[in-house]
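Quick notes on the structure that follows.
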Amino acid sequence: MDIEPVDPAPVRAFPRASLRQRWTDLTFVHWAVAPELVAPLLPAGTRPDTLDGAAHVGLVGFRMVGLGLGRGPGVPYLGTFWETNVRLYSVDDAGRRAVVFRSLDASRLVPVLVARASLRLPYLWSRMRLDRDGDTLTYRCRRRWPGPAGAASRLVVRVGDPIADPTPLEHFLTARWGLHTRAYGRTLHLPNWHPRWPLHRAELLSLNDELVAAAGLPAPAEPPVSVLYSPGVPVVFGLPTVTRRPG
């Protein structure tokens, strides 16, 4: 099996957009983990995507802006919200690299319900906010529904200089052009595309997190291997395809 390269700026591979949105004020925090720890948490037909023998778990906070269908405008009010996700990295039998979300906390209930019903994505309704003090950002999240209720995260970072030449690890953790999910007995691949990430160095000042453990992963015991910030990108999603059929 040939695995697609880690390409930070690929050509858009699908003609029609099913969803469009903008991601802003993203902070990526990543830890290295053993592949055998994450393998049981991935959808059928996928396996851990690794770099130098290590798998990774990411905690990512950001703002979703202007979520809308196809070429249409963003949905007023409901299409803009805060989100914090816990994610893993996968590769399927066709060699496509992707993200697998273990949890996606969002601050609007209606998008949570739609995403859970349509693609069975593990969205959860939470209280969230982002406070900015100069170059210091504080992300707060406390889960409301469905649970574990009260699971919380507080992430504080200081944004540094732009990165002119990201490392192979930084590309590996951010240059992801699809997601894998298990929905109604099928493993799906949902492609996405956006311009190349504008990335900044970031310093982790404080982290008090319960979301990683709530997602079925060991709570991080070591410092992260990567902390990055991005002001954001516009994003489009294509239509899902089946990667593995029942049986």
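The model shown is predicted, which means the values in this text are computed figures rather than measured ones.
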_Arg12 atom CZ, neighbour heavy-atom count above 12 within 6.0 Å_ = yes
*Can you measure from CZ (Arg158) to CG (Leu137) and round to the nearest 0.5 angstrom?*
11.0 Å
_Pair Arg143 + Asp105: basic N to acidic O under 4.0 Å_ = yes
_When you measure from the centre of the six-membered ring of Trp177, is the NZ or CZ of Arg196 closer than 6.0 Å and no more than 45° off the axis?_
no
*Between Gly150 and Arg142, what is the shortest heavy-atom contact and its length?*
O-NH1, 3.0 Å
*If the plane angle is over 60° it's perpendicular, under 30° parallel, otherwise tilted; pick one for Phe28 and Trp197.*
perpendicular
*Which distance, rounded to the nearest 0.5 Å, do you find between the CG of Leu121 and the OG1 of Thr181?*
4.5 Å
*Is the backbone of Leu42 close enough, under 3.5 Å, to the side chain of Thr46 for a donor and an acceptor to pair up by distance?*
no
*If only atom types and distance count, is the side chain of Arg102 paired as donor or acceptor with the main-chain N or O of Ala215 below 3.5 Å?*
yes
_Carboxylate-amine/guanidinium contact Glu83 Arg108, below 4.0 Å_ = no
_Looking at every heavy atom in both Phe14 and Val236, which two are closest together, and how far apart are they?_
CZ-O, 3.6 Å
*Only one of His189, His180, Arg47 clears side-chain hydrogen bond (donor to acceptor under 3.5 Å, both in side chains) with Asp92; which?*
His180
*If you round to the nearest 0.5 Å, how far is CG of Asn208 from CZ of Arg140?*
11.0 Å
*If you draw the axis of the six-membered ring of Tyr229, does the NZ or CZ of Arg201 fall within 45° of it and under 6.0 Å from the ring centre?*
no
_To check you understand the geometry: which heavy-atom pair defines the closest contact between His56 and Tyr89, and what is its length?_
O-CD1, 3.5 Å
*Working to the nearest 0.5 Å, report the span between CG of Leu67 and CZ of Arg20.*
11.0 Å
*Are any side-chain N or O atoms of Trp145 and backbone N or O atoms of Leu109, one a donor and one an acceptor, separated by less than 3.5 Å?*
no
*Find out whether Arg97 and Ile3 are in side-chain contact, i.e. whether some heavy atom of one side chain is under 4.5 Å from a heavy atom of the other.*
yes
*Decide yes or no on side-chain hydrogen bond (donor to acceptor under 3.5 Å, both in side chains) for Tyr139 and Ser153, but give the supporting numbers first.*
CA-CA 8 Å; Tyr139 299 80; Ser153 181; over 6 Å; no
*Honestly curious: do Val33 and Val86 fall in one hydrophobic cluster under the side-chain, below-4.5 Å linking rule?*
yes
_On the six-membered ring of Tyr123, is Arg120 placed so that its NZ or CZ lies under 6.0 angstrom from the centre and within 45° of the ring axis?_
no
_Nearest-0.5 Å distance, OG1 of residue Thr84 to CG of residue Leu155_ = 8.0 Å
*asked:* On a heavy-atom basis, which atom in Leu211 and which in Asp209 lie closest, and how many Å separate them?
replied: N-OD2, 3.2 Å
*Does the side chain of Leu199 reach to within under 4.5 Å of the side chain of Ser230, using non-hydrogen atoms?*
yes
*Report yes if the side chains of Val227 and Glu203 come closer than 4.5 Å at any heavy-atom pair, otherwise no.*
no
*asked:* For Arg16, give me all partners under side chain to side chain donor-acceptor pair (under 3.5 Å), at least two apart in sequence or on another chain.
replied: none
_When you measure from the side chain of Ser107 to the backbone of Phe81, do you find a donor-acceptor pair of N or O atoms at a distance under 3.5 Å?_
no
*Decide yes or no for Val75 and Gln21: does some side-chain heavy atom of the first lie under 4.5 Å from some side-chain heavy atom of the second?*
no
*Pair Arg132 + Asp25, salt bridge at N-O below 4.0 Å*: yes
_Less than 6.0 angstrom separating the ring centers of His194 and Phe237, yes or no?_
no
*Apply side-chain hydrogen bond (donor to acceptor under 3.5 Å, both in side chains) to the pair Arg182 and Thr187, showing each step before the final yes or no.*
CA-CA 4 Å; Arg182 189 75 175 167; Thr187 296; 2.7 Å; yes
*Donor-acceptor pair, side chain of His200 and main chain of Val159, under 3.5 angstrom*: no
_More than 12 heavy atoms of other residues, nucleotides or ligands under 6.0 Å from CG of Asp131: yes or no?_
yes
